[in-house]
Amino acid sequence: MQHHDSTVVSADSVAPDEIAHFSDLAARWWDPAGPMRPLHAMNDLRTGWAMRHLPAPVAEDGTRRTLLDIGCGAGLASEAFARAGFDVTGLDASQAAITAGRLHLRHHPLPQSAGPLAYRCGSAEELVAHHARFDAISALEVIEHVTDPAAFLCMLGSLLKPGGAMVVSTMNRTWRSMARAKIGAEYVLRLLPVGTHDWKKFITPAELGQYAARAGLRVTDVAGMVPGLGGWRESRDMAVNYIAALVRD
């Protein structure tokens, strides 16, 4: 993907081999004991941390704020954000994942107090072309799967309203992440299907900060995420998984 500024998008950020891989998993996405069980385990921590760093779901005038959940898969985080009150657009390039999300929503309707949730199959480039803007964006475990993370973050920055906030979670490129998240999770413990991650595409917090600055965004907080016997928890240890909040001033 060619480098571009935040307003001109000339190529597709979606890597076709990544999409095919996740399409195969979509049918079992909502199974807490299935291939996505690590995401199920992390979901409360990720979405809870995100909502402490994003604008309030409902503005003072009573209108719901808009949230783009990019790379939403079958909607684990999208549903949580809608339950909190956001007006959510769940976007994913995998039609199988979007179909799984829509089916889950049909069979497990959200409470009346929830905000609207609409799933869309497509890419961020299409939203940019339509001049879409959101109050909040979540990009959870997606930036390490795109072809050009710097350009991807620029594109997300262009979709964020001034004063808006974004939360990005990803994996650090360290020897510990190679041992635990790649070799351990995929080959030893079989927590994830082999091929889920490419360690070379993991992103250090420093690199994420550089990409953010280039995109006109400011990092306001970063936290590590670590598993434990009582579930995933926030930590100062960012050697493997971490989550960051960014704002457009």
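FYI, the numbering just counts along the sequence from 1.
Residues V247 and L68 are members of separate hydrophobic clusters, defined by side-chain heavy-atom contacts under 4.5 angstrom among Ile, Leu, Val, Met, Phe, Trp and Tyr. Using a 4.5 Å cut-off between side-chain heavy atoms of Ile, Leu, Val, Met, Phe, Trp and Tyr, with links allowed through other members, V58 and F81 fall into different hydrophobic clusters. Cluster membership for L103 and L39, using ILVMFWY side-chain heavy atoms within less than 4.5 angstrom, is not shared. Hydrophobic clustering of Ile, Leu, Val, Met, Phe, Trp and Tyr side chains at less than 4.5 Å, counting indirect connections, unites I137 with V222. One hydrophobic cluster holds both L208 and L159 under the rule that ILVMFWY side chains link at heavy-atom gaps under 4.5 Å.
Residue L156 holds its CG atom at 7.0 Å from CD1 of I143, rounded to the nearest 0.5 Å. Atoms CG and CG, on L54 and D135 in that order, are 10.0 Å from each other to the nearest 0.5 Å. Between the CG atom of L110 and the CD atom of Q112 there is a distance of 11.5 Å, given to the nearest 0.5 Å. Distance check: I70 CD1 to M166 CE gives 9.0 Å after rounding to the nearest 0.5 Å. Separation of atoms CD1 (I203) and CD (Q210) is listed at 11.0 Å; rounding is to 0.5 Å. In this structure, OG1 in T99 is found 14.5 Å from NE2 in H104, a value given to the nearest 0.5 Å.
The backbone N or O of G224 lies less than 3.5 Å from no partner atom in the side chain of R236, so there is not a single donor-acceptor pair. Under a 3.5 Å cut-off, the side chain of D69 and the backbone N or O of C72 do not form any donor-acceptor pair. For the pair S235 (side chain) and D237 (backbone), a donor-acceptor distance under 3.5 Å is present. Using modelled atom types, one side-chain atom of W30 and one backbone atom of A74 make a donor-acceptor pair closer than 3.5 Å. Remark: the backbone N or O of T204 is paired with a side-chain donor or acceptor of E207 at under 3.5 angstrom. With H40 contributing its side chain and G34 its backbone, the two residues share no donor-acceptor pair below 3.5 Å. Looking only at distances, no side-chain donor or acceptor of R120 sits under 3.5 Å from a matching main-chain atom of T89.
Summarising the geometry of R37 relative to P32, their closest heavy-atom pair is CB-O, 2.8 Å, with the distance given to 0.1 Å. For the pair V128 and S158, the tightest heavy-atom approach, listed with the atom from each and the gap, is CG2-OG, 3.7 Å. Shown here for A239 and R176, the closest heavy-atom pair between the two residues is CB-NH1, 3.3 Å. Contact detail for R65 and F86: the closest heavy-atom pair is O-CD2, 3.5 Å. In this structure, A136 and P55 approach most closely via the heavy-atom pair CB-CD, 4.1 Å. The minimum heavy-atom distance linking A97 with W29 is given by the pair CB-CZ3, 4.2 Å.
You'll find the side chain of K161 reaches within 4.5 Å of the side chain of T66, heavy atoms only. Residues I243 and L45 are not in side-chain contact: their nearest non-hydrogen atoms beyond the backbone lie 4.5 Å or more apart. Using a 4.5 Å heavy-atom cutoff, the side chains of E125 and H130 are not in contact. The shortest side-chain heavy-atom distance between M36 and D31 does not fall under the 4.5 Å cut-off. Inter-residue side-chain proximity for W232 and N43 is flagged as unmet; no heavy-atom pair is nearer than 4.5 Å. Between R46 and M225 the shortest side-chain heavy-atom distance falls below 4.5 Å. Counting heavy atoms from C-beta on, the side chains of L217 and Y211 never come closer than 4.5 Å. At least one side-chain heavy atom of P116 sits less than 4.5 Å from a side-chain heavy atom of R64.
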Requested in this report: Test Y242 against S169 for side chain to side chain contact (heavy atoms under 4.5 Å, CB included), laying out the working first.
Outcome: CA-CA 6 Å; Y242 69 97; S169 62; over 6 Å; no
Requested in this report: For V168 and L246, run side chain to side chain contact (heavy atoms under 4.5 Å, CB included): C-alpha distance rounded to whole Å, both residues' side-chain angles, the deciding distance at 0.1 Å, then the answer.
Outcome: CA-CA 8 Å; V168 177; L246 301 81; 3.9 Å; yes
Requested in this report: Kindly indicate, with the supporting measurements, whether the criterion side chain to side chain contact (heavy atoms under 4.5 Å, CB included) is fulfilled by L67 and S138.
Outcome: CA-CA 7 Å; L67 182 145; S138 64; 3.9 Å; yes
Query raised in the report: Run the side-chain hydrogen bond (donor to acceptor under 3.5 Å, both in side chains) check on T63 and D61 step by step: do they pass?
Result: CA-CA 6 Å; T63 58; D61 64 2; 2.7 Å; yes
**Report entry** Worked check of side chain to side chain contact (heavy atoms under 4.5 Å, CB included) between M51 and T47
**Finding:** CA-CA 6 Å; M51 285 185 279; T47 55; 4.2 Å; yes
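Salt bridge status for R173 with E144: absent, with no side-chain N to carboxylate O gap under 4.0 Å.
For N172 and S177, the side-chain atoms include no donor-acceptor pair closer than 3.5 Å.
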